Q: 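Pasting a structure below so you can have a look.
In this text, all values refer to a predicted model and were calculated from it rather than measured experimentally. Each chain gets a letter, A, B and so on, in the order its sequence line appears, and its residues count up from 1.
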Protein chains: 2
Amino acid sequence: MRSVKDVKQETLTGTAAFQLGTLGAITAELFAERLAVHGLKPKHAGLLALLDSGAAASQQDIARTMRVTPSLVVGLADHLEELGAVTRERDPADRRRQILGLTDRGRELLARCTETASAIDEELTAGLDDAFRTNLRRTLAVLAARAGLPG
Amino acid sequence: MRSVKDVKQETLTGTAAFQLGTLGAITAELFAERLAVHGLKPKHAGLLALLDSGAAASQQDIARTMRVTPSLVVGLADHLEELGAVTRERDPADRRRQILGLTDRGRELLARCTETASAIDEELTAGLDDAFRTNLRRTLAVLAARAGLPG
DNA sequence: TATTGTTATACTCTATAACTATA
DNA sequence: TATAGTTATAGAGTATAACAATA
């Protein structure tokens, strides 16, 4: 027979899925607002970070890694190129491919993005101890790695 | 003077802000896809959960709690009313206000949404132990509470 | 023919502003 | 006048599809 303890009393708002979704939306909006002073949006920052890691090269590779369509990468790269943050070069071995490269200005902008994200981290965890902060990042890093995200 | 230890070597993708944003986007998209079979979107689920908690009443209250504009609540409530999930009644004390109520059908749909979110939780943490899952939820709950989110 | 990058277009989500009715 | 809800409109973000250059 089924005892009371077997009955799940789970709430939607108590699930990690729901909380990740809502917290992610709030955090992303905050990040976007603060990035605006640098003329960037979160996806620009993600692209800069990806180039800095040296992982991706062509726009197709970038699109796959960022989980967006190649046509979206065009606009992101256009804007970053206008800012002098990235360079675009045709791959000599395959002239269809555009190889994106990070400039000093790009690394500088990436540093500003990282500072912005760090500041949000501090606000999210203000008043909490270092053990909580460390645990938070490690926990999220595990999930991110399992989801196939770079970083 | 400044030692090597003082230099922050933080990466953008290592911040909680960035990881919450990306994990939240992926999770929310997955949740949305699976909710579609019930004719619902994540915000519908959030509204049902809010009504179930008994916290909110008028559409203005709901809009504030859900951090969306009142005009968006109109469409959400319209759809849920069509599905027979919520009732709309004028407040006798103030006939400008619409009081939303959850029906049995609404509670049934909310249970489906909760099951869907739970299933995603299990997939996100498949192969990890209960200690990790418990820690994950508690950690996110702390952040959610500090961000003023209900639940 | 297949693939890379690009452009043109459409779709989804959401906010802003104007409007109606109640207060 | 002020507020609750509604409607109409506009904007942001992204995907899909068609296209040009290269393989």
Q: With a 3.5 Å cut-off and sequence neighbours excluded, list the donor-acceptor pairs that the side chains of residues 16-24 of chain A form with protein atoms.
A:
unit_1	atom_1	unit_2	atom_2	d
A:Q19	NE2	A:T13	O	3.2
A:T22	OG1	A:F18	O	3.1
A:T22	OG1	A:Q19	O	3.2

Q: For A:L100 and C:dT6, what is the distance between atoms CG and C1' respectively, to the nearest whole Å?
A: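 Going from A:L100 (CG) to C:dT6 (C1'), I get 14 Å.
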Q: Under the rule for salt bridge (Lys or Arg N to Asp or Glu O under 4.0 Å), what residues qualify as partners of A:D121, not counting sequence neighbours?
A: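 Per chain and number, A:D121 pairs via salt bridge (Lys or Arg N to Asp or Glu O under 4.0 Å) with A:R137.
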Q: List the residues meeting salt bridge (Lys or Arg N to Asp or Glu O under 4.0 Å) with B:D129, not counting sequence neighbours, and say none if there are none.
A: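 By the salt bridge (Lys or Arg N to Asp or Glu O under 4.0 Å) rule, B:D129 matches no residue at all.
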Q: Considering residues at least two apart in sequence or located in another chain, which fulfil the side-chain contact (heavy atoms from CB on, under 4.5 Å) criterion with B:R138?
A: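 Checked B:R138 against side-chain contact (heavy atoms from CB on, under 4.5 Å); matches are B:T134.
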Q: Would you kindly give the CD-to-P distance between B:Q98 and C:dT22, to the nearest whole Å?
A: 11 Å
Q: With heavy atoms of chain B within less than 4.0 Å as the criterion, where does contact along DNA chain D begin and end?
A: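 Using the under 4.0 Å cut-off, the span is D:dA2 to D:dT7.
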Q: Give me the residues of residues 83-96 of chain A where at least one heavy atom lies under 4.0 Å from an atom of DNA chain D, by number, or none.
A: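 Of all residues in residues 83-96 of chain A, the ones placing a heavy atom under 4.0 Å from DNA chain D are A:D94, A:R95, A:R96.
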Q: Under the side chain to side chain donor-acceptor pair (under 3.5 Å) test, which residues partner B:T69, sequence neighbours left out?
A: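 With neighbours one apart ignored, the set is B:S71.
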Q: Verify whether one side chain among B:Q59 and B:R88 offers a donor that lies under 3.5 Å from an acceptor in the other.
A: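 Yes - a donor-acceptor pair under 3.5 Å links their side chains.
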Q: Using a cut-off of 4.0 Å between protein heavy atoms and nucleotide atoms, how would you tag nucleotides 9-20 of chain C 5' to 3' with B, S and -?
A: ----SSBB----
Q: Taking salt bridge (Lys or Arg N to Asp or Glu O under 4.0 Å) as the test, write out the residues that go with B:R67, two or more places apart.
A: none
Q: Taking only residues two or more places apart in sequence, or in another chain, which ones meet A:R107 in a salt bridge (Lys or Arg N to Asp or Glu O under 4.0 Å)?
A: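 In terms of salt bridge (Lys or Arg N to Asp or Glu O under 4.0 Å), with neighbours along the sequence ignored, A:R107 is linked to A:D104.
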Q: Just to verify, what does B:R96 make a side-chain contact (heavy atoms from CB on, under 4.5 Å) with, not counting sequence neighbours?
A: B:D94
Q: Using atom types as modelled, flag every donor-acceptor pair under 3.5 Å from a side chain in residues 30-43 of chain B to any protein atom, sequence neighbours excluded.
A:
unit_1	atom_1	unit_2	atom_2	d
B:R34	NH1	B:E123	OE1	3.4
B:R34	NH1	B:E123	OE2	2.8
B:R34	NH2	B:E123	OE1	2.9

